[in-house]
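Accompanying notes for the structure given below.
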Amino acid sequence: MKSNFLDGKHILLAEDNPVNQMIVRHILENKGSILTIVENGKEVIEQLAHAQFDLILMDVQMPLMDGYETSGIIRNQLGLKIPIIAFTAHAPYAEHEKLVEFGLNGFIIKPFTIDSLCRSIESIMVPQIFSV
Amino acid sequence: MINNCLLTGDGVEVDLSIVNDLAGNDNTFSQLIVQTFLDNSPSIIERLKVALINKDWEEVYKAAHFAKSSLSVIRIKGLLEHVQQLETYAKQKTNLDKIPGMIDDFESKISSAMHLLAENFKIKANFPLHKPQ
């Protein structure tokens with residue numbers, strides 16, 4: 001795993017559970033990322049209107065607007081190609097079709113470890129970093 | 001590193017192996033995870049109780065789903081499965097007569113676990129000192 005690929009990256013975390021928010025914040029800020037945390041899909045769309053991010057980490061089931069609907073808006077209405085990784089409690093085979101349909105780039109199964117979180121992000125972000 | 005990943009007492013068993021995996025030797029991090037869990041659990045209990053009074057099954061479903069995230073990190077024996085069942089009943093609006101008892105059981109178990117965690121992590125409790133019968 002590249003040790004510094006998270007350093008300086010602006011990451012938007014959409015997660016309504018404070019325990020998960022705190023865990024992700026602690027892990028990613030310790031690796032040098034700059035985190036913005038919101039609690040639902042509507043706030044994701046609001047953030048994207050005035051800020052730029054390298055990655056969105058988004059819980060699938062959030063209040064007001066869930067992760068799938070939010071991702072659909074980001075792809076189809078805003079036309080943004082920013083990588084989006086979903087947090088899901090479900091097995092990937094149960095979610096895979098929906099992940100593809102709504103334009104999500106990957107998933108992280110909860111509960112996650114530091115390693116599984118970082119590897120999932122790396123698998124999405126590192127090819128983009130070197131594909132310029 | 002948490003010395004003992006399995007806490008027992010007050011009729012509950014709390015498995016902290018996920019916290020241990022996440023925090024390793026970072027005691028501040030494990031303390032923070034537990035503190036955040038303790039800070040937020042009373043509001044989940046309250047949310048479920050209010051939803052029950054209002055017979056708002058959609059809100060019971062949402063609160064149970066919300067609780068699952070925390071309980072997948074702080075593992076209280078049997079409670080994750082219990083909350084999943086509660087979530088299913090509320091979502092499908094089936095077995096509604098079982099929901100009040102399930103919310104009582106949830107409150108009792110999570111309260112015991114909260115006291116156990118507060119005691120072991122030497123965290124000052126900012127929640128009601130309810131001792132389950």
Side-chain angles (χ1 to χ4, degrees), chain A residues 1 3 6 13-33 35 37-43 57-69 85-92 94-95 107-121, chain B residues 1 5 14-44 47 51 56 58-76 79-81 83-84 87-88 90-91 110 113-114 117 121 126:
Chain A
M1 187 161 27
S3 60
L6 285 163
L13 170 66
E15 162 69 63
D16 64 329
N17 186 288
V19 173
N20 285 332
Q21 283 178 2
M22 193 280 298
I23 291 169
V24 175
R25 177 193 285 276
H26 188 91
I27 294 170
L28 297 185
E29 287 187 346
N30 273 348
K31 292 187 180 294
S33 298
L35 238 70
I37 299 179
V38 296
E39 295 195 349
N40 60 64
K42 284 194 172 173
E43 291 177 1
L57 294 173
M58 189 154 58
D59 189 23
V60 163
Q61 282 193 273
M62 295 182 290
L64 297 180
M65 187 190 290
D66 71 21
Y68 292 121
E69 186 182 355
I85 300 179
F87 283 118
T88 175
H90 302 287
E95 296 276 327
F107 58 84
I108 297 168
I109 299 172
K110 294 193 286 187
F112 50 81
T113 62
I114 294 176
D115 197 49
S116 68
L117 175 68
C118 294
R119 280 186 190 282
S120 298
I121 297 173
Chain B
M1 186 76 73
C5 281
V14 183
D15 179 356
L16 295 169
S17 54
I18 301 279
V19 177
N20 206 31
D21 285 349
L22 285 164
N25 291 320
D26 187 346
N27 292 332
T28 308
F29 189 16
S30 50
Q31 188 91 8
L32 257 176
I33 295 171
V34 173
Q35 177 77 64
T36 308
F37 177 80
L38 294 180
D39 288 346
N40 290 281
S41 294
S43 65
I44 298 174
R47 206 174 145 186
D56 184 348
E58 176 69 14
E59 177 60 11
V60 171
Y61 156 65
K62 286 178 180 170
H65 181 81
F66 183 88
K68 271 196 332 189
S69 275
S70 307
L71 292 170
S72 67
V73 177
I74 307 270
R75 304 262 181 149
I76 301 164
L79 205 55
L80 183 59
E81 296 77 10
V83 167
Q84 279 169 336
E87 181 190 20
T88 303
K91 187 179 184 183
I110 204 165
M114 286 161 67
L117 286 162
F121 282 80
N126 62 349

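Quick note on labels: first sequence line is chain A, next is B, and so on, each numbered from 1.
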- Item | Approximate separation, where rounding is to 0.5 Å, of A/Met62 CE and B/Lys62 NZ |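 Result: 12.5 Å between the selected atoms.
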- Query: To the nearest 0.5 Å, how far apart are CG in B/Asp21 and CD1 in A/Ile114?
  - Reply: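 CD1 of A/Ile114 is found 9.0 Å from CG of B/Asp21.
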- Note on the structure: Residues at least two apart in sequence or cross-chain that pass side-chain hydrogen bond (donor to acceptor under 3.5 Å, both in side chains) with A/Ser116, listed by chain then number, are A/Thr113
- Student check: side-chain heavy atoms of B/Phe29 and A/Met22 closer than 4.5 Å: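 Result yes, sub-4.5 Å side-chain heavy-atom pair found.
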- Task: Please identify each residue that fulfils side chain to side chain contact (heavy atoms under 4.5 Å, CB included) with B/Asn40, with sequence neighbours left out.
- Result: A/Pro18, B/Thr36
- Looking only at heavy atoms, which two atoms of B/Leu22 and A/Phe112 are closest? And how far apart?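 Where B/Leu22 meets A/Phe112 most closely, the heavy atoms are CD2-O, 3.5 Å.
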- Can you name the closest pair of heavy atoms from A/Asp16 and B/Phe66 and give their distance? O-CE1, 3.2 Å
- Item | Per-residue contact mode, A/Asn20 against chain B (heavy atom under 4.5 angstrom) | side chain
- When you look at A/Val19 and B/Ser69, which way does the side-chain contact (heavy atoms from CB on, under 4.5 Å) test go after all the steps? CA-CA 8 Å; A/Val19 173; B/Ser69 275; over 6 Å; no
- Could you tell me which portion of B/Ile18 (side chain, backbone, both or neither) has an atom closer than 4.5 angstrom to a non-hydrogen atom of chain A? side chain
